Structures are given as structure tokens and as C-alpha cells.
Number of protein chains: 2
Amino acid sequence: MTIRTEKTIVDIADELGLSVSTVSRALNDHPNISAKTKERVKKMARKLGYRPNAMAAGLRNNKSKTIGLIVPRISMFYPAAISTIIQNKLQEFGYNLIICQSNDSLEQEIALVNTLYSARVDGLAVSATLYTADFSHFDIFKQQNIPLVFFDRVPPKDYNVKVIKGDDFLGGSLATEHLIDQGCKDIVHISGPLTCNLYKERLAGYKDALQKNKLPFKKQRVFFHELTKENAWQTAEKIFSQKPYPDGVFATNDTTALTILEYCRKNGIQVPQQCKIVGYSNDPRTEIVTPSITSVDQYPTTMGERIVAALMDLIQAKHPAAYRHSQEIVPIHLVERESTAGAGKKKK
Amino acid sequence: MTIRTEKTIVDIADELGLSVSTVSRALNDHPNISAKTKERVKKMARKLGYRPNAMAAGLRNNKSKTIGLIVPRISMFYPAAISTIIQNKLQEFGYNLIICQSNDSLEQEIALVNTLYSARVDGLAVSATLYTADFSHFDIFKQQNIPLVFFDRVPPKDYNVKVIKGDDFLGGSLATEHLIDQGCKDIVHISGPLTCNLYKERLAGYKDALQKNKLPFKKQRVFFHELTKENAWQTAEKIFSQKPYPDGVFATNDTTALTILEYCRKNGIQVPQQCKIVGYSNDPRTEIVTPSITSVDQYPTTMGERIVAALMDLIQAKHPAAYRHSQEIVPIHLVERESTAGAGKKKK
DNA sequence: ATGAAAATTGCAAACGTTTGCATGATATTG
DNA sequence: CAATATCATGCAAACGTTTGCAATTTTCAT
């Protein structure tokens, strides 16, 4: 039933009495082809409505001009912001982007790695699942020497691979220190699964800041949950189920910070007077809520640009030696807002 | 320098002393192949670490198992929410998704259509640019009978194609009527470029509601801008540059509504007492801001699911007759919040 | 005009699959 | 046991490009 009307390079060749090789070279501006032949060919291509078949070219060249991206979910602010940048940047380089979501499921992540490999993407950028501890399903990419870049949620150092991440230790420490500077003495930290480097490092930063400021680290003042809104609400209930209330909360993501704020507002706990709050990622929502929430900005634009730069680098170079561990750190900075306003002994 | 280690179907055949055709059929569970051969082949495939080459298969079959998606930008709530759903749904059907952003540039949109065609996507879903009036660059897809679905921002009826859209007329009218019900007499509407069906229809809904309630439609109470935050702020300044202030504002998107609220708060205009506000899309930000903003929910999940359903339908059926105009309407509903609380003569 | 160098074009194989048709092997029937 | 039906496998072409090498044409100095 399908009416074949797709024009190929062969049609152009026939029409012009040329060989397919000449047509191919003409379309690709090969130096061996005379200017006037190129013109003739291109004109005919336009006339026939010819569009190159990327799959055929890809098969022959063993490259797809396509990059794969795996993120937990594209509806979350930080990965969404990064995806946007990556997509736009890659477009400039003539690459397509296949965006996939693991939905934080290891099983889905594994499946995606395989389909993206099957699609023969020329490179892969990944922010792993919360629970990815074993990274061996990414081995094919290393074996076949296909550019592979991890960002944000990354594997441990011994999984030799290119890594671009934020300075989560510094972020955790700055956030905590800021709360201390604003007068907090009893700071709760809400963390995530420690399988994930992010939360481990932010927690370490939190500990470090307490220590440097001679405040005790208390195990029971650290809460763990799985970073959904529902869980955050439960954690809030736990935190405020008994006195004394903390005078500061450092949440490891903004959704949690927003939920804590909501809980406080609904339960008459004054923010920032009674309890100060800091979040992480500088989600736009933290800015518009009342009071606005102090948060750690992760420069998603920089992150996205660096990811693309790294991929393009690896694609160009492509000497098999590329698979050593190499880590790039994207800076962070604290955006101070109303949720941490206070007496504020100023920083020295 | 590259070490070829990619295993192909030929390697499996050699290893087992079978022909490639048998291997191919075995891997695809063709009925003509005996159970034990299938087992042997699959086992060897696993052992060799074989991964199918999607490009080779695609070239042969003339299908890529890939769908293209073009949206203005994936960082905006509504398209982002839809993309999420589409991606997850397609994954279930074994399709990859190439997400592209036109950045509301017609030029980029045209380029994207061509690359996606070159990639030989098996289907294309599009939410057009604000300024796309001529849709002829999508003609190739129609000519080649490749499933094509427009959603949200869609072409006019005479561009015979499958269309899935929200009920924007109803949305505009419900929003306006709600403001009237809450006691507003002088309602400003902030619209977008009328090249885009969405804004035209919401505006029509606004007019209709005024008329039905015997309120005058005044041209100078409708403002047009390009829906960025900066422009929204300028529009706010224009609106409140002279008295009388409007007692209601119906903004055609949430970013604008949020900006109007911000302006009001900074300038001591009480919301909702002095001025009520309604937005469009039910962006999560409208819920958390103070006061929370009434907005029109567009059921992005439903939209995403319908898009995928439509694409899969077209892919299955594929009788060339598919290119008649066909329109599907996704319902909307008004989510009432604090920004329109008021006397409220209740609806009959 | 001659020959060699330079510029342009063509031939044919290859990329990794899938599939119509033919062939070979096994089972079934009278 | 032959003849036939059924099942399992193989052959070879095709999908639309790209590219090394060979062949042809043009250019240019002698």
C-alpha cells in the first residue's frame, strides 16, 4: 500500500548520467569534484526533494551522529535544565540527542544502556540512578571505546571514566556553615540514599562544617528519605514530632526544602525566626515561595556545556587511552534568601 | 587505532556453523526455527556479547524504531510534562525518542524537521513555534506517509493532519467567567502572538465569557506580549501605569500570571482583594506561591498518552488515507486557588 | 604534437541486517 | 517402503550510503 517516493542518491545519478560515487562526493563537498558538477548535483537533489538517509550513511560509516542521554527524570529541575543545554549545544554540532529517563530504576537504566548501544550512539552522557552501585552495564561502551561521560550522579573513582560533577562537599559545607553563621545551633540534615555520591558528599560537608565550628554531630539529627514529596512530608512529621525543634534544616534537595517550609507554615513554625531552611539546586520554585528559600546553585548551564565539550573532545580524539579516571568539578554557590535571614554574625 | 570487537550476527553464525539467516530468524523468534536452535543461538549471542545493530536493521526494514518530538522548549512546564510521559510510554512500545527544541524559532524548526526526516523517524510529534503560520516544511512527512501528530500548538484545519489539542476556548471562557463570578467587572487579558491558535482561542473564550455576562469587551484591556518573564514585567508596568486598575487579570500562561503577582506584591496591590489573577497550564509554581494562583489545568498526562496512542495507531494502520484532518480535544479544568478568592456569587 | 602530471569521475565492495525462495531433512501416511 | 506433507535451514539479494583504487579526461610544459 505504501507508495515509494523516497529519492535516493541513485535517482540523482541516473537523472544526471553520473555515478553514485560522484553524486555522493558532490553532496559531501569532496575536493575531487569539480565545482560545476557539485552545482548540478545539488540542484538536482533539491529538485527531486532528496533527503539523505542517515541510517544508510550511519551503517557505512559506523557512526550515527546521535548522542544518548540518560537521566533519572526530565521533569526534575536540574536534569531538565542540563538536558535543555545539551540538546541545544549538540544541535550546533550537528548531533541529535536521544533523551531517556531511567525513572531511578536500575532495571530501566540497564535496558536503556542496551538500546542506546544498539542505536549505535556516538557518545553517552549519564546521570545514574539513586541506586546504581554496580556500573558494569556501562562496560560495553568502554570496551567499544565509545565516548562515555557521567555527570552529577557518578560512579566511584575506580570505575575509570570521565566524570563531571558539582562540588557537593563544598555545597554541603557552605550550606551548613551559612546556617551556623545565621545563628543556628541545632541543625538537622535531610539526606538521600547513600548509594549515591551526591548525598554522601553533601553529608560529609555538613559534618565538616559542624566540626569546624565546634558543634556536635549527632546521628539522630540526620534523616534519610527517598527524595519524593510524600517522603519529605513524612520526614517533616518525624522531625517535628518532638521537641526541641531544630533551629536549622539543611535539605539535600529543593523539593524537600519546599516541603519542610510548607509543613512549617501549616504548623505555625516561623521561618526563618524559629527555624531556618536551606535547599539544594536553586530550583526556581525556591525563589518564588514565601519566604524564599536559600539554596545551593549548581550552574546547570555550565554543567551542560562541559558535558557537550567533553563528548565532542572524546569523539574527536578517540585514542583508546581515554579510559582513565578523570574528574572535572563544576563550581557551586550559595544563594542566600529569606529562609535563612537572621541575626547573622557576619563572616570574617 | 580502533580495535574492532563488535560482534555481528555473522560471528554467531560462524561460531555455530549456521547460516546468518538462521541466526537472524532465531534471534527474532521466527516460527520456522526449531526450539533448540533458538536456544543455541541465543546462548552464543549472550556469550559473545552480541548487540543488534539498529542501523543495519533499520536500513533493511526501512524503519528506525525511533520517534521524533519537536517542542518549543523542554524547560517549560507543560511541554516538559508531556515529553516525560511520551518518553516513558514509548519506551514501553520499544521506541526511542529524539527530543528536539525549536526554541520558538521557525528557522530551527525547519532544520529539525529535515534532520528528523533524515534520521528516518517512524513518527513525528510536534508542538509548533509561536510563529509557525506556514506548515509546508512538514509536507515531506505527509508525502512519505510517515505518522505525523500535532499537539497543543497546531496548524489550521486545512492543513490536513492529526491534531490533539486542549480546549482552549473553554479554558479561556472558564477562566474569565470565574473571575466574573468572583465579582470582577474590569478584567484585563494578557495574550500572546495571535499567529498561535492557543492564544487566539483563549482570547475568543475571554470575549465570549464577557459577552455572555453582559460585560463590555474593550480592545485596550487586551495586552499582547511574547510570553517571557521580562516582557510580562513590562506589560505589568503598562497595565498598572494608570488608573483605574483592573480588578481581574486573566493571563494566558502561568509565567505571566506569576510575574503579575510579583509585580502586585512589590507595588502594594493586594491580591486577591484589589486584583484577582488567573493563569494557564497549572504550572506547579502557581500552587506554592503566596497567594496561590488559580490556573487552568491541561492534563499533560492525558495529552502525552493520547499522542503516543495516536502515533502507535498510525504506525500500525498505515493506510495512506490517514491524512485527513482529525482533531482530538483533551479536556481542561479550572483549579481555583487563593488568587481569585472573593465575595464569590456562587455559580448557579 | 607528445608525454606526463593533475584533475575528475567511475567501479565495486562493504557496512549488518532481513526475507523470498529454494533446498534439504524429517515425519507422516497408505 | 515409497510418496507426500511438514519442518528446518541456507542462498543471495536488497536497503542507501561511502571510499580505496582504477580509469578516464583535462591541463600544461616541452
Side-chain angles (χ1 to χ4, degrees), chain A residues 2 4-42 44-45 48-66 115 117-122 144 146, chain B residues 2 4-42 44-45 48-66 115 117-122 144 146:
Chain A
T2 22
R4 284 246 118 271
T5 60
E6 286 189 38
K7 297 299 178 183
T8 75
I9 215 179
V10 182
D11 296 316
I12 301 178
D14 287 352
E15 206 74 35
L16 256 37
L18 286 171
S19 72
V20 282
S21 23
T22 303
V23 173
S24 171
R25 281 190 262 252
L27 289 171
N28 292 317
D29 274 324
H30 191 284
N32 281 9
I33 303 294
S34 70
K36 64 170 172 289
T37 309
K38 281 183 188 170
E39 239 346 287
R40 285 207 315 146
V41 169
K42 286 180 186 173
M44 181 56 72
L48 295 181
Y50 165 79
R51 310 291 157 93
N53 183 321
M55 284 192 301
L59 175 60
R60 169 64 221 230
N61 294 331
N62 202 34
K63 61 183 60 165
S64 60
K65 281 282 180 176
T66 298
T115 34
Y117 179 83
S118 268
R120 296 298 192 270
V121 292
D122 295 338
Q144 299 301 134
I146 301 166
Chain B
T2 23
R4 282 244 121 273
T5 59
E6 286 189 38
K7 297 300 178 184
T8 76
I9 216 180
V10 182
D11 296 317
I12 301 178
D14 287 353
E15 206 75 34
L16 257 39
L18 288 170
S19 72
V20 282
S21 22
T22 304
V23 174
S24 171
R25 282 190 261 252
L27 290 172
N28 293 319
D29 273 324
H30 191 284
N32 281 10
I33 301 295
S34 70
K36 63 170 173 290
T37 310
K38 282 184 187 170
E39 239 346 287
R40 286 210 311 146
V41 169
K42 287 180 185 173
M44 181 56 73
L48 296 181
Y50 166 79
R51 311 290 157 93
N53 184 324
M55 286 192 299
L59 175 59
R60 169 63 221 232
N61 294 332
N62 202 33
K63 60 182 60 165
S64 60
K65 282 283 182 176
T66 299
T115 35
Y117 180 83
S118 267
R120 295 299 190 269
V121 292
D122 295 337
Q144 299 302 135
I146 302 165

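Predicted model, so just to flag it, every value in this text is computed and none were measured. In what follows, every chain begins at residue 1, and chains take the letters A, B, ... in the order their sequences are listed.
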*Identify whether any heavy atom of A/Ser21 sits under 4.0 Å from a base atom; if not, whether one sits that close to sugar-phosphate; answer base, sugar-phosphate or nothing.*
base
*Separation of A/Leu16 CG from A/Thr22 OG1 (nearest 0.5 Å)*: 10.0 Å
*Of all the nucleotides listed (C/dG16, C/dC15, C/dT8), which has the minimum atom distance to the side chain of A/Thr37?*
C/dT8
*Would you call B/Asp14-B/Lys7 a salt bridge at under 4.0 Å N-O?*
no
_Between B/Ala35 and A/Asn61, which residue's closest nucleotide on DNA chain D lies nearer the 5′ terminus?_
B/Ala35
*Separation of B/Arg120 atom CZ from D/dT17 atom P, in whole Å?*
7 Å
*To the nearest Å, how far apart are A/Lys65 NZ and D/dT17 P?*
17 Å
*Nucleotide of D/dG10, D/dC21, C/dT17 approaching B/Thr22 most closely (side-chain heavy atoms)*: D/dG10
*Listed nucleotide nearest any side-chain atom of A/Val20, set D/dG10, C/dG10, C/dA12*: C/dA12
*Between C/dT8 (C1') and A/Lys38 (NZ): distance, integer Å*: 11 Å
*A/Ser34 side chain near C/dA7 phosphate (N/O to OP1/OP2, under 4.0 Å)*: no
*Nearest-Å distance, CG (B/Asn32) to P (C/dC21)?*
14 Å
*Which nucleotide in the list D/dG10, C/dT17, D/dT18 gets nearest to the side chain of B/Arg60?*
C/dT17
*Can you tell which of C/dT18, D/dT9, D/dT17 lies closest to the side chain of A/Ala57?*
D/dT17
*Would you kindly give the CG-to-C1' distance between B/Leu48 and C/dG16, to the nearest whole Å?*
15 Å
*5′-ward residue of the pair A/Pro31/A/Leu59 relative to DNA chain C*: A/Pro31
*Is the backbone N or O of B/Arg51 less than 3.5 Å from a side-chain atom of A/Ser118, with the two atoms forming a donor-acceptor pair by type?*
no
*Heavy atoms only: give me the nearest A/Lys38-A/Ile33 pair and the separation to one decimal.*
CE-O, 3.5 Å
*Just checking B/Ser24: base, sugar-phosphate only, or nothing, at a heavy-atom cut-off of under 4.0 Å?*
base
*Does B/Ser19 have a side-chain nitrogen or oxygen under 4.0 Å from the phosphate oxygens OP1 or OP2 of D/dG10?*
yes
*How close or far is atom P of C/dG16 from atom CG of B/Asp11, stated in whole angstroms?*
9 Å
_Flag if over 12 foreign heavy atoms under 6.0 Å of NZ, A/Lys63_ = no
*Spacing between A/Lys36 atom NZ and D/dT26 atom P, to the nearest angstrom*: 9 Å
*The side chain of A/Ile9 lies closest to which of these nucleotides: C/dT17, D/dC11, D/dT17?*
D/dT17
*Can you tell me the distance, in whole Å, between the CG atom of A/Asn62 and the P atom of D/dT19?*
12 Å
